[in-house]
Amino acid sequence: MNWKTWLAAATLGLALGQTALADREILNVSYDPTRELYEAFNKKFTEHWKQETGETITVRQSHGGAGKQTRAIIDGLEADVATLALAYDIDAISEKTGIIPGDWQTRLPHNSAPYTSTIVFLVREGNPKNLKDWDDLLKPGVEVITPNPKTSGGARWNYLAAWAYAEKKYGSEEKARQFVGKLYKQVPVLDSGARGATTTFVKRGIGDVLLAWENEALLSINKLGRGDFEIVVPSISILAEPPVTVLDKNAEKHGTTDIAKAYLDYLYSPVGQELAGKNYYRPVDPEYASKYAGTFPEVNLVTVNEAFGGWQNAQRTHFNDGGVFDQIYKPE
Amino acid sequence: MAKRVIPGFGLSLGFATFYTSLIVFIPLAALFAKGLSLGGADLWRVVSDPQALASYKLSFGAALAGALINLLFGGLVAWVLVRYAFPGKRIVDALVDLPFALPTAVAGIALTELYGRNGWFGAPLGELGLKVAYTPIGVTVALTFIGLPFVVRTVQPVLAGLDRELEEAAASLGADRWQTFRRVLFPALLPAALTGFALAFARAVGEYGSVVFISGNMPFRTEITPLLIYSKLEQYDYAAASALGMVMLLFSFVLLLLINGLQFWTVKRAGG
C-alpha cells in the first residue's frame with residue numbers, strides 16, 4: 001500500500017471510531033421563560049437515562065422568543081424535541097414541514113402540556129391603585145404594561161385572558177371587544193417581547209400593572225425584587241398550556257426517537273412534575289398540583305379551546321392582519 | 001484593449017462579479033422572488049396598507065432626520081478632531097466608533113433608560129413637557145446614535161488631507177473667513193460629507209434592534225417598518241414580510257441614487 005491508501009484507511013478508521021464513541025445527543029428547542037426549568041430537568045433526565053440503560057447522553061438546549069424558535073425549526077434547525085409556548089406554533093411546524101403529524105397534540109396526556117400556567121397581574125408594593133380584577137384596569141389613570149401581541153406569544157395569552165373575562169362577565173362578544181379596546185387604550189408602550197415588557201415595568205418603573213405569566217411573576221418576586229412587587233390573581237384568567245412534542249422525522253434521522261420519547265414522558269413523571277412545581281409552573285399531576293397548592297392560588301381558568309375554538313381560530317380572528325387587535329388601533 | 005500596467009484584469013473582474021452576486025445579488029433576488037410570489041393585487045394590498053404607509057413615514061422620516069443631524073454635528077466633530085489639539089482627544093476619537101461596536105439592543109436599552117420617564121434626561125425633559133422615549137423623537141435619537149460614526153469617519157480623512165496652504169492662499173488674496181469656508185473648504189468636503197450622510201441614512205432605515213426598545217411600537221404612531229416585517233413573520237407570512245422588505249429596498253435604492261447623483265453633480269461643479 002502506498003501512503004495515500006494508508007492515509008485514507010487511517011481517516012476512515014478515525015471517522016468510524018468517532019461515530020461509535022460519540023455520545024448520542026438530543027436538542028430541545030424551547031422558549032425564553034423555561035430556561036431554569038430545563039437546566040434542572042436535563043440534569044435529572046441524563047442521570048435517569050444512565051441509570052436505566054447505562055448509556056451516557058447529552059441534552060442540548062436552545063431558548064429564545066417562541067416565534068423565532070419555531071421559525072428556526074421550520075427553516076431546518078434539526079431539533080429532536082420542541083417545548084414551546086403555544087400549540088399554534090407547533091401547528092405551524094406540522095403544517096409547513098410535515099415533520100410531525102397534524103394530530104400531534106393528542107399523543108401525550110393533557111393536550112401534550114405536562115405543566116400549565118396562567119396570566120396574573122404584577123403590581124407595585126402595597127397595590128397603591130387597588131387593582132383587584134380586570135375591571136379595575138380600566139379605571140382612569142391606570143397604566144397597563146403588556147407586550148405587542150403581533151410580535152409576542154406571551155402577549156397573546158394576556159389579550160385572550162382579558163377577552164375571556166369580559167365575555168363571561170358581560171355576556172357578549174361585542175362587549176368583550178369594547179372591553180379589550182378600552183384596555184389597550186391604557187397601554188402606554190407595546191414592547192416587542194415579554195422580557196422587554198418586564199424590564200419596562202420592573203427596571204424603568206413605568207406602569208401600574210404588568211400582565212404576566214404566573215411563572216414569570218413568581219420568579220421575579222422570589223428571585224429579583226422580593227418586597228417591591230405583589231401578585232394579584234384576577235377572578236377569571238386563561239389556562240396556558242405550553243405544549244411539548246417529539247419532532248418525529250428529525251429524531252428518526254438522528255436515531256434518537258427512543259431518547260426523545262422518554263425525555264417527554266419523564267416530564268410527566270414525579271421527578272418532572274416536582275421540578276415544574278419548583279420552577280413555578282402548575283403541575284398537571286393532581287398529586288403534585290395539591291402539593292404546590294400553596295404556591296398557586298385557585299383561579300377560574302378558561303381554556304383556549306372552549307373560549308376561542310382553538311389557537312388557529314384565535315390567531316385568525318384576533319391577531320392576524322386585519323383582525324380584532326388591528327381594528328383597536330385603526331384611526332377613525 | 002490597451003495594455004494595463006497591473007495584470008489580472010479579467011480574473012479580478014470575474015471574481016468581483018461573482019463575489020457581489022453571491023453576497024448581495026442572490027439574497028436580494030430571493031427576497032424579490034418571495035415578495036412577487038404574492039401576485040399583483042395582494043402585493044399592492046400589503047404594501048399600501050395604511051399601517052404600512054404610516055410605518056414608512058416614520059422609518060424614512062426618522063432616518064433622514066437622524067442622518068441630517070449627523071451630517072451637521074458629525075461634520076463638526078470631525079473638524080474638531082482634525083484641526084484642534086486638546087487633552088483627551090484620542091479618547092474622544094475612540095468614542096466615535098462605539099456605536100459601531102455596541103450591540104444595537106444594548107444601545108436601545110441604554111437610550112430608553114436615559115430618555116424614559118424616570119431617566120436622567122427623560123425626567124428633566126418631561127418637566128419641560130417634552131417626551132422622548134416612546135415617541136418619534138425617541139426613534140430619531142436612536143437612529144442618530146447609530147449613524148454618528150459614518151459621517152465622522154468619512155469626513156475626517158478628507159479634512160486631514162486638505163492642504164492648509166489653500167486656506168492661507170485664499171486669505172492672502174483677500175477672502176474673509178466665511179468666503180474661505182464657503183468657496184474653499186466646503187466644496188472639498190461636500191462629497192465626503194454626502195457619502196457619510198448616505199451611509200448613515202442607509203444604516204438607519206434598516207435598523208431594528210435599538211429602535212424597538214425606545215419606540216414603544218404603537219401601531220400608526222411609533223411602529224417602524226422592520227417591526228411590521230417582524231410581525232408578518234410571527235404570522236408565518238413570509239411573502240408579505242418580503243413584500244415590505246422590497247418596498248424598503250426600492251425606496252432606499254432610489255434615495256441613495258439621488259444622493260449619489262447630488263454628489264456627482266457637486267464634484268463636477270467644483271471641477272468646472
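Predicted, not measured: the structure shown is a model, and the values here were computed from it. Within every chain, numbering begins at 1; the chains are lettered A, B, ... in the order of the sequence lines, protein sequences first and strands thereafter.
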Under a 4.5 Å heavy-atom cutoff, which of P147(A), G65(A), A92(A) has the most pairs with chain B?
A92(A)
Flag the pair R204(A) / E113(B) as yes when at least one side-chain heavy-atom distance between them is below 4.5 Å, and no otherwise.
yes
Are Q235(B) and K150(A) side-chain neighbours, meaning at least one heavy-atom pair lies under 4.5 Å?
yes
So for R156(A), is it side chain, backbone, both, or neither that comes closer than 4.5 Å to the heavy atoms of chain B?
side chain
Please determine whether the number of non-hydrogen atoms from other residues, nucleotides or ligands lying under 6.0 Å from atom CZ of R153(B) exceeds 12.
yes
Region of L228(B) that comes under 4.5 Å of a non-hydrogen atom in chain A:
neither
Are any non-hydrogen side-chain atoms of V189(A) and N217(B) less than 4.5 angstrom apart?
no
Does atom CZ of F100(B) have more than 12 heavy-atom neighbours from other groups under 6.0 Å away?
yes
With a 4.5 angstrom heavy-atom cut-off, is it the side chain or the backbone of Q315(A) that approaches chain B, or both, or neither?
side chain
Within 45° of the six-membered ring axis of Y230(B) and under 6.0 Å from that ring's centre, is NZ or CZ of R71(A) located there?
yes
Just so I know, are the side chains of Y236(B) and I93(A) near enough to count as touching, which here means a heavy-atom distance under 4.5 Å?
no
Among V187(A), D326(A), N320(A), who wins on heavy-atom pairs under 4.5 Å with chain B?
N320(A)
More than 12 heavy atoms of other residues, nucleotides or ligands under 6.0 Å from CG of L128(B): yes or no?
yes
Which pair of heavy atoms, one from L190(A) and one from P219(B), lies closest together, and at what distance?
CD1-CD, 3.7 Å
Taking it one step at a time, do R45(B) and D321(A) satisfy side-chain contact (heavy atoms from CB on, under 4.5 Å)?
CA-CA 11 Å; R45(B) 193 179 42 75; D321(A) 285 345; over 6 Å; no
Within a strict 4.5 Å, meaning less than it, do heavy atoms of the T151(A) and K232(B) side chains meet?
no
side-chain contact (heavy atoms from CB on, under 4.5 Å) partner of Y329(A), chosen from M218(B), R221(B), E223(B), Q51(B)
M218(B)
When rounded to the nearest 0.5 angstrom, what distance separates OG in S231(B) from CZ in F319(A)?
13.0 Å
Can you tell me if K139(A) has over 12 outside heavy atoms packed within less than 6.0 Å of its NZ?
yes
Residues L227(B), S192(A); criterion side-chain contact (heavy atoms from CB on, under 4.5 Å); working and verdict:
CA-CA 8 Å; L227(B) 184 91; S192(A) 61; 4.2 Å; yes
At a 4.5 Å cut-off on heavy atoms, which part of T112(B) comes close to chain A: side chain, backbone, both, or neither?
both
Less than 4.5 Å apart, any side-chain heavy atom of Y134(B) and any of T200(A)?
yes
